[in-house]
Amino acid sequence: MIEWWRPDTHTFHLPIGEATITLEDVEVLFGLLVNGLPVADPHALGDYRGLHYLHMLQRLTEFQPTEETALSGASHLQLTPVRQHLEVMDAEITDDSPPEVIDRHTRLVLLLMFGGVLFPNTSGNLVILSG
């Protein structure tokens, strides 16, 4: 992502145009409230490895790939299992679905959008989990 970041304008220059990450984007992506007490993770994200990210993914979305091969190396997640999970989840979402279910679905869609469309790797099926 660093090659797309422009520090002079504080924006990402993507193939589809400029994009700015807002505080509200962070709230949706990570489920952090922007009002109230500060939230801190006891572990530095720099120390996270593949399994840490999978546990975070499970905590925020209630999705964790069942196949060990979904985690490619220590820092890449295959997007195919995420897409398959979303297909099942789409059928279960109704107008009466609780907000938590919608939030989990939204986070997975954003993972696909950011990892597979805006910042894809050369394979087109992997999202980088570490920074």
Q: Can you list the residues that meet the side-chain contact (heavy atoms from CB on, under 4.5 Å) rule with Leu60, with sequence neighbours excluded?
A: Met56, Arg107
Q: To the nearest 0.5 angstrom, please state how far the CZ atom of Arg59 sits from the CZ atom of Arg104.
A: 13.5 Å
Q: For the CG atom on Asp8, are there more than 12 heavy atoms of other groups (residues, nucleotides or ligands in this structure) within a distance under 6.0 Å?
A: yes
Q: Please name all residues satisfying side-chain contact (heavy atoms from CB on, under 4.5 Å) with Glu18, sequence neighbours left out, ordered by chain then number.
A: Thr11, His13
Q: Would a 4.5 Å heavy-atom cut-off, applied to side chains only, mark Leu126 and Leu79 as touching?
A: no
Q: Taking only residues two or more places apart in sequence, or in another chain, which ones meet Pro98 in a side-chain contact (heavy atoms from CB on, under 4.5 Å)?
A: Glu100, Val101
Q: Suppose we screen for side-chain contact (heavy atoms from CB on, under 4.5 Å). Which residues come up paired with His105, at least two apart in sequence or across chains?
A: Leu86, Met89, Asp90, Ile93, Val109
Q: Is there side-chain contact between Val82 and Val127, with at least one heavy-atom pair below 4.5 Å?
A: no
Q: Output all residues satisfying side chain to side chain donor-acceptor pair (under 3.5 Å) with Thr80, sequence neighbours left out; order by chain, then residue number.
A: Asn125
Q: Side-chain contact, heavy-atom cut-off 4.5 Å: Thr61 with Leu111?
A: no
Q: Apply side-chain contact (heavy atoms from CB on, under 4.5 Å) to Leu112 and Arg83, showing your working.
A: CA-CA 8 Å; Leu112 282 178; Arg83 286 186 188 99; 3.8 Å; yes
Q: Any ring pair (Phe, Tyr, Trp, His ring centres under 6.0 Å) pairs touching residues 77-103, not counting sequence neighbours?
A: Phe63-His85
